[in-house]
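The structure appears right after this line, and notes come after that.
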Amino acid sequence: MFVDVALPGPIALVPARQLDAKLQKQTADWPGSVPNGVTQVAADLNRDPRGVPATLSEPRKGGGSRSLRLYTRTYVVVLYASREGDAYTVAAISPLGLRDHDTLARGCLLLRSSWSPVAELRLVPRGSHARWDRIQQGWSVLVQRLGGEQVLPTRNAKHLDFLDTLDRLIDKTQEITGGRSAGEPGYPHRSVEPVGERRYTGSAFYAFQLVGDRVPERNRFVAVRGESGRRGQVVRAEAARVVVRFDGSVDWAQLPQQGQLEVTTSNIVFTTQRKAVEALRTGQARNRSLLSVLVDHQVRALEVVPDTPAEELDEDQIEAFRRALGVRDMLVVLGPPGTGKTRTISQIARSCAVTPGRGPVLVASHTNKAVDNVLAKLSRDVVVVRVGNEGKIDRDGIPFLLERQAAELREEITRSVGEALRGYRQLPLARQWADELARRIGALAAALATATVAQEELERVRRAVGGPAQARVETLSAEVVQQEHQVRRHAARLERVMRRDARASARRWWPPLAGWARAARRARVRRIEARRADLAGATELAARQRAAIADAQRTAHAMTRDDPRVRAADQELHLAQQHVAEATAGVGEARSVIGTVIAPVANLPESATGDPATAVRNLWALHTWIGQQLDVLEGRAKLLTEWSKEISGEVEQLYPELIRYADVIGATCVGAGSRDEIAEVEFDLAIVDEAGQIGTADVLVPLARAKRSVLVGDHRQLPPFLDTDVGEWGVGTGDERIRTLLTTSALEILVDELPASHVVRLTRQRRMPRVIADFVSDMFYGGTLRTTVERAHDPSLFASPLAFVDTSGLPQQHRNESPAPRANGQRRGCVNHAEAQMLTMLAEYFHRRGVEWALIVPYAAQAELISTTLREQLGAPDTVDSSVGTVDSFQGGERDVVLYGFTRSNSAGKVGFLDELRRANVAFTRARRQLVLVGDMHMLLRATNDRFRRLARSLRDHVAATGDVHRYAELVATLEGLRE
């Protein structure tokens, strides 16, 4: 529904101060979707004489003003009326999205006016008028016509305050992350070359040879200076060479060989977050209860769902499985490490996917790896599609990648169409033979007519020459015709009697009528025998008559064969019959060729036999059918050819069909709201994994896309941002709520607020050996973890799955940490050379033995120091890059052997951000078989932080009782001996 509003014009449009800068950034993120300025906006608004669709939006914050939104074909313009009421300020412009279409579908104004761009408010012509009152009156009329339904739902003050806080949180996060690269100098490069790695998407990898020894860190976002749309991420940095993965397709010829890379940031994350908040604010979120859950912590009762998972689950997992299927708004599943969160999620997703009326399911997380781990666990009966950047997706997720499936589908379709087209290649030949068939049918018809005339002439001559003998042949022939008619009549009578007998014999008679039925049966048998006798007599008589005709024909032939006239007529008939035989063979040849040519795509019908006239009619009918069928086949061939050309182009046209039939779609939280391919999908359930480390602004993106949601994670591991990080950034907002939202996930908030029915705890641990799991359970989970794992480990170096290598016996100057050099003007923490040496030796040892290992340290500088050494020693840079990192980068992963170094060792007992014990929880719980800790136990026990000191003491006692303790020097000697 819409309300037509005519506005006398022109109406002035004035750009806001920061509009041009915003448009430059948006042009890089959405090329071709947003205008380059207010002049183009006015031109686009004036283009359609029917008017411009418009809606009104309520103010986000108390005391604000309503905004006017104008909708073009590709973008939305947000306007505010000036104080004087003479113009509109263009505050923002954003690409047109699916939610905008939904808004317009519910109701809009249609403004008919002319629009005029003006550079500044002071330049607005005198007498100009914005007609704001008339627009608001039209809006009131629209609301009334909609039956009093408000296009924008009313939110209570508590809800609006929460949404306003989220807006400020997003603004602050963007300010924090954007400020990291402010003022950072660029990285000049002297050459660029493509990296020869096959990709299914349009993404491209390029290697830049830098000038000097400065290189950007891995995972930093960079852009080619002067090319705002050329943004990518550093995936490898070695000496003066860096490999950049660009977000989109990049033509090598368009990249300058000499230039400069500059560190940049992307606004896509924050734009996506703001859209999710706006969906909540305007009531367009699929989960209508989401605000009540997040703010009021009110949930609807669970439905009872007795479904059974396809795989065996323990009692806690079964409980989570069934409650997730019956949840109507939000469920929280708490899963400490190794308790089977991924297995549980996969069973929930599968059950929703295969049950009619449920699905599709969105599986999302903050990291690509977490999403791909779940998708890899799904059974083959589920159709899975993964959306994302191929270069970022884990190898487990690559088979499900949308672009890869589209490419494979295109290849399969192209192959199938190619095979089908091969069957149509001979259609022109079939068309030629169809014309030849018509000519040959005509020749056959003429030959048959000539033969008929010749036969009649022969019979006339024989009657004239043969006299009584020929007359007898004709008389007997007439009698035979009559007798054969009698044979057919007797055969029909016999058949009717036998059918009646068969029907009667098959009936079940009422017992009192059984005697009558038997008598009737005997009578029918007598009639059948009589009819058979009649048929046999008539058949015998017809046979005698045919024999008499043969004798009479031989006699007449003997009397007339020498007559010149008979011989001449007989020769004419024989010649005509030869022509018939030749014409018949010609027709058969043409028919056979046509049948063979079209056999791959159609079957030629069999021709009915009969007298010559009937045969010719049937052949002409066959010719007509062939012509019609060739028309159809040629049309199909044309369509297949056109489809083959179409399908051999861009694979994007296959995306909608693949998405349409997907049961489960996987994406990161940001991807769930920013990927156009899934913008129109209405999800039944969103499952967010590792939700404990996802901030509220991020997690809102997938939650707003589905009718109901399940948050799965561990609130005892790393949060979105640590207090130490936030403290270093200096938030300075004066609002403690923003700090809380930065450092606390929605999952952690909801755990203590939702009723017990909506929080399920997984308690049975299956990853870590008992000696590790018991310490983790007691220290981090209040002793609630249950474990029965007794997994074998390699005893050649350590006697227990839990080992501690103590550096406290080394001289202080050797074991102590040292500050890491600053990089790009930023602190990078500490390095500890003694620990680095031990950890690299252990990594080399396990690597040589073919063991799957990970080396985890708290500080990026320590990780880089170790990585540099290991690359030289192992000669396997990819393995080192994927196996060495900080604690934050390994959350959610697991390895057979985990090596962890505390790094900190100083006389003051300062442990820095190690006092965030959740880092230790993450590091300790990655191991499946062996956990080796390296550190200065003497210093750790004297830590100034009380909580960390208690952790160190508990660790010392537990390792002493059940683990394996080694002195640094002794283990170095052992490892060197094994190396030799």
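Position 1 is the first residue of the sequence; numbering continues from there.
- Closest of all the heavy-atom pairs between Asp396 and Pro399 is O-CD, 3.6 Å.
- Qualifying salt bridge (Lys or Arg N to Asp or Glu O under 4.0 Å) partners for Arg493, counting only residues two or more places apart in sequence or in other chains: none.
- Counting only distance, with no hydrogens or angles, the side chain of Asp372 and the backbone of Asp394 share a donor-acceptor pair below 3.5 Å.
- Shown here is Arg518, whose CZ atom has no more than 12 heavy atoms of other residues, nucleotides or ligands within 6.0 Å.
- Closest heavy-atom contact between Tyr424 and Arg636: OH-CD, 3.7 Å.
- Smallest separation of non-hydrogen atoms from Val385 and Ala662: CG2-CB, 3.7 Å.
- Taken to the nearest 0.5 Å, the CZ atom of Phe683 stands 4.0 Å off from the CD1 atom of Ile665.
- In this structure, Ala406 and Tyr655 approach most closely via the heavy-atom pair CB-CE2, 3.5 Å.
- Between the side chain of Gln483 and the backbone N or O of Ala543, no donor-acceptor pair lies under 3.5 Å.
- Ion pairing of Arg544 with Glu540 is present here, as a side-chain N (NZ or NE/NH1/NH2) and a carboxylate O approach within less than 4.0 Å.
- Residues Asn389 and Phe246 come closest through the heavy atom pair ND2-O, 4.1 Å.
- Counting only distance, with no hydrogens or angles, the side chain of Arg705 and the backbone of Val681 share a donor-acceptor pair below 3.5 Å.
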Please tabulate, for the side chains in residues 434-454, all donor-acceptor contacts under 3.5 angstrom to protein atoms that are two or more places apart in sequence or on a different chain.
| residue | atom | partner | partner atom | Å |
| --- | --- | --- | --- | --- |
| Glu436 | OE1 | Arg439 | NE | 3.3 |
| Glu436 | OE2 | Arg439 | NE | 3.2 |
| Glu436 | OE2 | Arg439 | NH2 | 2.5 |
| Glu436 | OE2 | Arg440 | NE | 2.8 |
| Glu436 | OE2 | Arg440 | NH2 | 3.4 |
| Arg440 | NH1 | Gly586 | O | 2.8 |
| Arg440 | NH1 | Glu589 | OE1 | 2.8 |
| Thr450 | OG1 | Ala446 | O | 3.1 |
| Thr452 | OG1 | Leu448 | O | 2.9 |

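- Contact of the Met498 side chain with the Glu495 side chain is not registered, since no non-hydrogen atoms from C-beta on lie closer than 4.5 Å.
- Arg460 and Glu456 are not joined by a salt bridge, as no carboxylate oxygen comes within less than 4.0 angstrom of a charged side-chain nitrogen.
- Within the 3.5 Å criterion, the main-chain N or O of Ile598 finds no donor-acceptor partner in the side chain of Gln426.
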